[in-house]
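What follows is a short report on a single structure.
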Amino acid sequence: MTEKAVNTKKGSNFATGFKSFMNFCRKNPTFTIGFVFMLVIAFIAVFAKQLAPNDPYLNTPKIMLMKPFFDSQYPLGTDTLGRCLLSRMMYGLNISFTVGVTAVVLAVALGILIGIISGMDYPGPFDTLLMRVVDVQMGFPFIVLVIIFVSLLGSSVPALIGVLALSFWAPYARNVRGSVMIEKNMDYISAARLMGAGNGRIAVRYLGRNVVPGVLPMVPMDLSAAIVLESLLSYMGLGVQPPEISLGNIMGDGKNYIATHWWITAMAGIVIVLVAIALTLIGDALHKQFDPKLRN
Amino acid sequence: MLTIIKRLLQGVLVIFLVLTVTFFLLRLIPGDPARLIAGNAEESVVQELREEMGLTKPVLVQYKDYMLSLFTGNMGFSYFAKNDVAYVIANSYKPTLVMISIALPSAIIVGLLIGLLCAVFRETPFDRILTSIAVLFQSMPNYWVAIMLIQIVGVKLGWFPASGYKDPSHAILPALVLGLPLTGVFARSIRTNLIGAMQQDFSKAAKARGVPYLNVLMGYSFRDTLVGFLTLVASQLGFMMGNCLLIENIFAYPGLGLQTLNAILRRDYFLVQGLVALLAAVFIAINTLVDISYMYLDPRIRKAQGGL
């Protein structure tokens, strides 16, 4: 199983990689459920424009606040302006995913970069400085940070991505630094140095390859946290601004009619819950795979 | 002892840095408290107000003044509460404390119980159902749970008050929202770690020696998971404090979280600084305590850290 997992990671040979991936799926049914669900959701998010049954921006006051599951034209009903909720949720998924995925990718990249620099410099001045920054970041109630940054940068999609990326990088940096501090004293690094490899080459070709798998299991959890956080900020009116649609916006719109039309907020929330559950299942399986203590 | 002193000094440094970052970030945000207080008043009036509030001084001078006054124990003045920051904090910590002291112990107890049961009956339908519930608890966005609970339990069923704070019964719904995800996280972690510990040699050996099942479970396997559990609880506390802010906002629950949010939105500079420093201090204090308790709990860590 270990060897096969290594194959998947390297992806040197597509066929064996695919085979061992299927094997992994068979051994982890919960992973497969989560993975397939996320594929479907990602497909909907990417092709929202083509799949949506109606124009999500089109107001049709005549049919406002229609109940879900009553009309085949509007399967999930309509909101206060008579806009199709199913189409709005599809478009919302698109933006929520764009924001979440970009933010987490940026956070992981930044975390790994800082972690490697810090770990290689240890116990130098750079390391001390960077780790104090990490401490501050982790000691800062991060919703406060988010609100301050949003008021500073204004609420646009790029600002939102930046804020979320800034909230997630620190644990990656700390984790990567920890592994670099162990790895950099190993024989293969000394051997590489003897062969004349410089710091840059060591960081990218040797350390990078060995420390990255260690942080992979954190990614699905953070992606789910980022999507939830984005929806929260949009719900509070600090995130994606109307007329752009995000899942949080839909909930925020629904909030004002919740006493009589609770299903608007409920349905958008359920979508987020399902995405979060799927990502949790994926994250769990990865944790099991990459943590030798939990294997068997 | 040396380790502890070092930790505390580092903690003070981090609080200082957090305060500095907050101080300058707050003054970078557009919008100023004088304008917010004065409303539609004329510019000259606002300018006078600014001078009175000390906002016309250069930012670095303001920073120096603030830091110096901190050393004399003065945390500054809240523009909107029209009182000392210390007074505002002393008046609003109670609801938050009540909420946390309901949420955290219940989450730990219920989480431990679910985790234990799942590990004992692992891979049975009973375990699968409980584990799924734990995943569900963990995955539900808390603000969404809050809105739904307010609607269903607060308004439709009317079992518990859904907003404000008069007596501890007002804390039940917010505490539930705060505690549910924690319960899920705790239960799942205990389950995984306990199953791991039950398969390790020391558990098997105890079983082979004829130690009764319950003793092996509680005295050997469960004990082994406690250090990890402590780390987890500590790591969740940071998130919990952030969540308080949110949950208090949704429930209009007048604790520290609501104060923080309002203070930021109103640019109540000194109040924000005081609250952020307080949160950071609590966060660091908890982490230091946890590190110290490791040394008592796990002799390996004690040795690695150079002893107590």
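First the proteins, then the strands, lettered A, B, ... as listed; each starts at 1.
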Inset, instruction - Mind ranking A266(A), A225(A), S224(A) by heavy-atom pairs under 4.5 Å with chain B and telling me who comes out on top? - result: A266(A)
Legend entry - Considering all heavy atoms, the nearest A276(A)-S139(B) contact: CB-O, 3.4 Å
Side chain, backbone, both or neither of [X] within contact of chain A (heavy atoms, under 4.5 Å):
X       : result
L261(B) : side chain
R128(B) : neither
N142(B) : neither
I195(B) : neither
L13(B)  : side chain

Heavy-atom count around [X] [atom1] within 6.0 Å, excluding the residue itself: above 12?
X      : atom1 : answer
F24(B) : CZ    : yes
Y93(B) : OH    : no
R27(B) : CZ    : yes

Any side-chain heavy atom of [X] within less than 4.5 Å of one from [Y]?
X       : Y       : value
Q138(B) : M221(A) : yes
I277(A) : M140(B) : no
D284(A) : R188(B) : yes
W144(B) : I270(A) : yes
P141(B) : V273(A) : yes
M236(A) : Y143(B) : no

Legend entry - Heavy-atom proximity to chain B below 4.5 Å, by part of T30(A): neither
Inset, instruction - Report the option among V272(B), I264(B), L26(B), I150(B) that has the most heavy-atom pairs separated by less than 4.5 Å from atoms of chain A. - result: I264(B)
Inset, instruction - Mind ranking L17(B), I147(B), V135(B) by heavy-atom pairs under 4.5 Å with chain A and telling me who comes out on top? - result: I147(B)
Nearest 0.5 Å, please: how far is [atom2] in [Y] from [atom1] in [X]?
X       : Y       : atom1 : atom2 : answer
S132(B) : L281(A) : OG    : CG    : 8.5 Å
I250(B) : L232(A) : CD1   : CG    : 7.0 Å
Y235(A) : L246(B) : OH    : CG    : 10.0 Å

Inset, instruction - Mind running side-chain contact (heavy atoms from CB on, under 4.5 Å) on W262(A) and I152(B) for me, showing each step along the way? - result: CA-CA 10 Å; W262(A) 52 270; I152(B) 299 167; over 6 Å; no
